[in-house]
Amino acid sequence: MKPELTGSHRSTYEAVFQHPVARNLDWRDLRAMLGALPDVVQQEHNGTLKVTRNGKTLVLHGPGHKNVASVQELMNLRRFLEQTDKARDFSAAEGV
């Protein structure tokens with residue numbers, strides 16, 4: 001299930017799952033999209049973004065420039081979003 005996002009947040013979310021991998025995903029847009037997701041807690045420290053959602057945590061390292069630098073980090077984010085969306089769906093089904 002896709003989260004209830006609108007406008008630019010929806011576009012950024014879809015870009016994370018784009019094939020081939022998006023090479024021009026803006027770091028600020030990514031942070032804003034994560035903040036718009038339900039049940040997300042963000043903590044920033046020295047360019048590192050720690051995102052926690054539905055009991056899972058992901059640490060992203062801010063790029064030295066405007067765009068998300070690492071394809072591996074983008075793939076980790078994609079996996080994190082898939083897992084936490086499923087965890088959220090399961091919790092809702094259980095009535096938690």
Side-chain angles (χ1 to χ4, degrees):
M1 178 178 127
K2 286 186 181 179
E4 308 269 338
L5 296 173
T6 59
S8 64
H9 297 311
R10 161 86 47 215
S11 297
T12 302
Y13 184 89
E14 290 172 357
V16 170
F17 290 94
Q18 173 182 313
H19 294 283
V21 174
R23 298 297 231 159
N24 60 347
L25 194 56
D26 189 285
W27 177 246
R28 287 178 293 163
D29 292 343
L30 183 69
R31 284 192 348 236
M33 181 271 299
L34 288 169
L37 289 171
D39 307 320
V40 168
V41 176
Q42 293 186 54
Q43 299 173 332
E44 287 190 69
H45 181 67
N46 294 335
T48 301
L49 179 64
K50 181 178 177 182
V51 183
T52 303
R53 183 180 188 211
N54 298 327
K56 299 198 181 290
T57 300
L58 174 68
V59 177
L60 298 169
H61 303 281
H65 49 79
K66 176 180 164 176
N67 295 332
V68 177
S70 166
V71 171
Q72 186 60 49
E73 277 204 331
L74 190 55
M75 296 304 291
N76 291 342
L77 175 61
R78 186 183 290 183
R79 198 171 312 113
F80 173 79
L81 291 172
E82 289 171 339
Q83 290 172 350
T84 58
D85 281 346
K86 289 177 185 174
R88 182 171 175 249
D89 291 346
F90 180 74
S91 295
E94 293 292 316
V96 174

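Positions are given from 1 along the sequence.
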Any side-chain heavy-atom pair of [X] and [Y] under 4.5 Å:
| X | Y | result |
| --- | --- | --- |
| Gln43 | Thr48 | no |
| Leu34 | Leu37 | yes |
| Thr57 | Val51 | no |
| Leu77 | Leu30 | yes |

Q: Return the minimal non-hydrogen interatomic distance between Ala15 and Ala22, and the atom names on each side.
A: O-CB, 3.7 Å
Q: Please report the shortest heavy-atom distance between Tyr13 and Leu5, naming the atom on each side.
A: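 Residues Tyr13 and Leu5, closest heavy atoms: CB-CD1, 3.8 Å.
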At what distance, to the nearest 0.5 angstrom, does [atom1] of [X] lie from [atom2] of [Y]?
| X | Y | atom1 | atom2 | value |
| --- | --- | --- | --- | --- |
| Ser11 | Gln18 | OG | CD | 11.0 Å |
| Leu49 | Gln42 | CG | CD | 5.0 Å |
| Leu81 | Leu58 | CG | CG | 8.0 Å |
| Gln83 | Lys56 | CD | NZ | 5.0 Å |
| Thr12 | Arg31 | OG1 | CZ | 12.0 Å |

Q. Charged N to carboxylate O below 4.0 Å: is that the case for Glu44 and Lys50?
A.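 Salt bridge flag = no for Lys50 with Glu44.
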Q) Can Val40 be reached from Val59 by stepping across I, L, V, M, F, W or Y side chains whose heavy atoms are under 4.5 Å apart? A) no
Q.
With clusters defined by side-chain heavy atoms of hydrophobic residues (ILVMFWY) lying less than 4.5 Å apart, directly or transitively, does Trp27 cluster with Met75?
A. yes
Donor-acceptor pair, distance only, cut-off 3.5 Å: does the side chain of [X] make one with the backbone of [Y]?
| X | Y | value |
| --- | --- | --- |
| Arg78 | Val16 | yes |
| Asp39 | Asn54 | no |
| Arg53 | Pro38 | yes |
| Glu73 | His61 | yes |

